[in-house]
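Quick notes on the structure that follows.
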Amino acid sequence: MGILAVLALPLVILGISGIIYIYQSVIWLLSRSAVQNKVVVITDAISRLGNECSRVFHTGGARLVLCGRTWEKLEALHDALISVADPSMTYTPKLILLDISDIDCIQDVAREILDCYGCVDVLINNASMKVKGAVQSISLELDKKIMDANYFGPITLTKDAASKHAAVGFFDCLRAEMEEFDISVSTVNPTFIYSYHHQPASGNWEASIWKFFFRKVEYGVHPVEVAEEVLRTVNSKKQEVLMANPIPRAAVYIRTFFPELFFAIVASGIREKMKTEEDI
């Protein structure tokens with residue numbers, strides 16, 4: 001009896017894993033079919049995340065309108081997409097130059113986007129801007145440019161077709177207003193995008209905790225995961241998605257319940273980062 005119980009446990013785990021895998025595969029296939037023939041606009045398509053979103057929506061049969069600041073990179077993305085997909089099952093992507101921080105040109109770009117297919121079914125506001133530096137070293141002009149790229153640009157494009165927190169607030173309000181028109185508004189927050197950066201040097205316990213909680217190499221979300229989640233969200237119409245592995249997710253709770261500890265860790269991490277940059 002004991003041997004049977006020991007053998008049964010791995011079989012149960014294997015069975016549950018198989019069911020989960022089949023369920024995820026079915027959801028993935030349904031998500032792909034949900035975007036087939038849909039007009040999908042992706043801003044900053046030439047970024048890593050934009051590339052992955054372009055790939056999953058293109059293979060799903062969406063009619064893509066890819067926007068970016070550099071024509072050569074847009075063409076390279078276009079060539080990469082059509083070289084790996086079945087042309088009988090996909091559409092050739094449309095390319096449009098767009099600097100989301102240039103508010104004056106967005107209305108003209110929005111008309112150009114609408115001219116491609118006459119409508120927009122899905123708009124993925126992926127373009128954003130970030131800057132690293134001390135507050136006193138950042139000019140007001142640069143602050144305004146960041147707000148244009150992360151807030152005013154996306155909401156202007158949305159109407160015609162700090163800053164990211166403001167954008168989330170806007171889309172929360174927009175979601176309520178658009179409900180009567182049967183238009184879904186979703187936000188996907190991937191916290192950290194998987195990338196490499198300088199780690200703080202060891203020296204005190206706060207710096208060590210900063211390194212443990214906020215290093216992106218181990219705990220960032222990979223662009224492929226984010227792109228696939230965006231595809232699932234378009235299908236499920238889920239209002240808000242927070243993508244975070246356990247360690248950075250724990251930081252959210254620390255921020256809520258132990259704010260003094262959280263800000264001490266953040267301040268220490270910033271000091272160590274600035275010291276590292278000065279030494280380079």
Side-chain angles (χ1 to χ4, degrees), residues 25-129 149 153-161 182-188 190 193 222-237:
S25 298
V26 170
I27 294 298
W28 169 245
L29 291 173
L30 290 174
S31 299
R32 292 185 61 179
S33 63
V35 299
Q36 191 169 13
N37 300 322
K38 299 291 186 181
V39 178
V40 178
V41 179
I42 303 176
T43 63
D44 196 18
I46 58 179
S47 66
R48 285 189 67 194
L49 178 54
N51 272 234
E52 294 300 334
C53 286
S54 301
R55 179 184 60 80
V56 297
F57 280 89
H58 181 66
T59 56
R63 292 180 287 178
L64 289 182
V65 181
L66 305 179
C67 305
R69 299 175 60 181
T70 308
W71 186 256
E72 291 76 13
K73 292 183 178 180
L74 282 172
E75 287 185 322
L77 175 58
H78 170 277
D79 294 343
L81 291 174
I82 63 175
S83 66
V84 298
D86 184 353
S88 65
M89 302 292 292
T90 58
Y91 296 90
T92 301
K94 307 285 188 180
L95 307 180
I96 291 181
L97 280 174
L98 170 63
D99 180 357
I100 199 71
S101 65
D102 188 354
I103 303 299
D104 295 333
C105 77
I106 288 182
Q107 289 189 348
D108 292 335
V109 172
R111 284 191 289 268
E112 189 178 351
I113 290 172
L114 290 174
D115 287 343
C116 290
Y117 291 107
C119 67
V120 174
D121 295 308
V122 179
L123 169 60
I124 301 177
N125 275 311
N126 174 57
S128 65
M129 179 181 179
I155 69 171
T156 302
L157 183 60
T158 302
K159 288 180 177 180
D160 293 311
D182 196 28
I183 296 176
S184 300
V185 178
S186 303
T187 56
V188 178
I193 297 292
H222 197 280
V224 173
E225 297 177 63
V226 182
E228 292 177 350
E229 182 57 50
V230 170
L231 182 63
R232 286 192 292 268
T233 302
V234 168
N235 178 49
S236 65
K237 298 183 180 180

query: Are Thr90 and Thr59 close enough, and set up right, to give a side chain to side chain contact (heavy atoms under 4.5 Å, CB included), and what steps lead you there?
result: CA-CA 7 Å; Thr90 58; Thr59 56; 5.7 Å; no
query: Do Glu112 and Leu98 touch side chain to side chain, with heavy atoms closer than 4.5 Å?
result: no
message: Let's go through Cys116 and Val39 carefully: what are the C-alpha distance in whole Å and the side-chain angles of both, what is the deciding distance for side chain to side chain contact (heavy atoms under 4.5 Å, CB included) to 0.1 Å, and is it a yes or a no?
response: CA-CA 9 Å; Cys116 290; Val39 178; over 6 Å; no
field: Value rounded to 0.5 Å, distance of NE2 in His78 from OG in Ser83
entry: 10.0 Å
task: Without swapping roles, check the side chain of Asp44 against the backbone of Gly68 for a donor-acceptor pair under 3.5 Å.
output: no
- prompt: When you look at Ile124 and Val230, which way does the side chain to side chain contact (heavy atoms under 4.5 Å, CB included) test go after all the steps?
  reply: CA-CA 9 Å; Ile124 301 177; Val230 170; 3.8 Å; yes
statement: Interatomic distance, OG1@Thr92 vs NE2@His58, rounded to 0.5 Å, equals 7.5 Å
query: So how far is it from Ser186 OG to Arg232 CZ, rounded to the nearest 0.5 Å?
result: 13.5 Å
- prompt: Tell me, do Tyr91 and Leu64 make a side-chain contact under 4.5 Å, heavy atoms counted?
  reply: no
field: Contact summary for Pro93 and Leu66, nearest pair of heavy atoms
entry: CB-CD1, 3.9 Å
- request: Decide yes or no for Glu75 and Leu95: does some side-chain heavy atom of the first lie under 4.5 Å from some side-chain heavy atom of the second?
  value: yes
query: Can you tell me how far the NZ atom of Lys38 sits from the CD atom of Gln36, to the nearest 0.5 Å?
result: 10.5 Å
task: Taking all heavy atoms of Ser54 and all of Leu77, pick out the closest pair and write down the distance.
output: OG-CD2, 3.8 Å
message: Restricting to non-hydrogen atoms, name the atom on Ile96 and the atom on Leu74 that form the minimum distance, rounded to 0.1 Å.
response: O-CD1, 3.6 Å
query: Would a distance-only check, ignoring hydrogens and angles, find a side-chain to backbone donor-acceptor pair under 3.5 Å from Asn126 to Thr43?
result: yes
message: For Ala45, is there any backbone N or O sitting under 3.5 Å from a side-chain donor or acceptor partner on Asn51?
response: yes
task: First locate atom CD of Glu228, then atom OG1 of Thr233, and finally report the distance between them rounded to the nearest 0.5 Å.
output: 11.5 Å
task: Compare all side-chain heavy atoms of Ile100 with those of Ile106 and state whether any distance is below 4.5 angstrom.
output: yes
- request: Verify side chain to side chain contact (heavy atoms under 4.5 Å, CB included) between Asp121 and Val40, making sure each step is shown before the conclusion.
  value: CA-CA 6 Å; Asp121 295 308; Val40 178; 5.9 Å; no
task: Name all residues meeting the salt bridge (Lys or Arg N to Asp or Glu O under 4.0 Å) criterion together with Arg69; count only those two or more places apart in sequence or in a different chain, and write none if there are none.
output: Asp99
query: For the atom pair CD1 (Ile46) and OG1 (Thr70), what is the distance rounded to the nearest 0.5 Å?
result: 4.0 Å
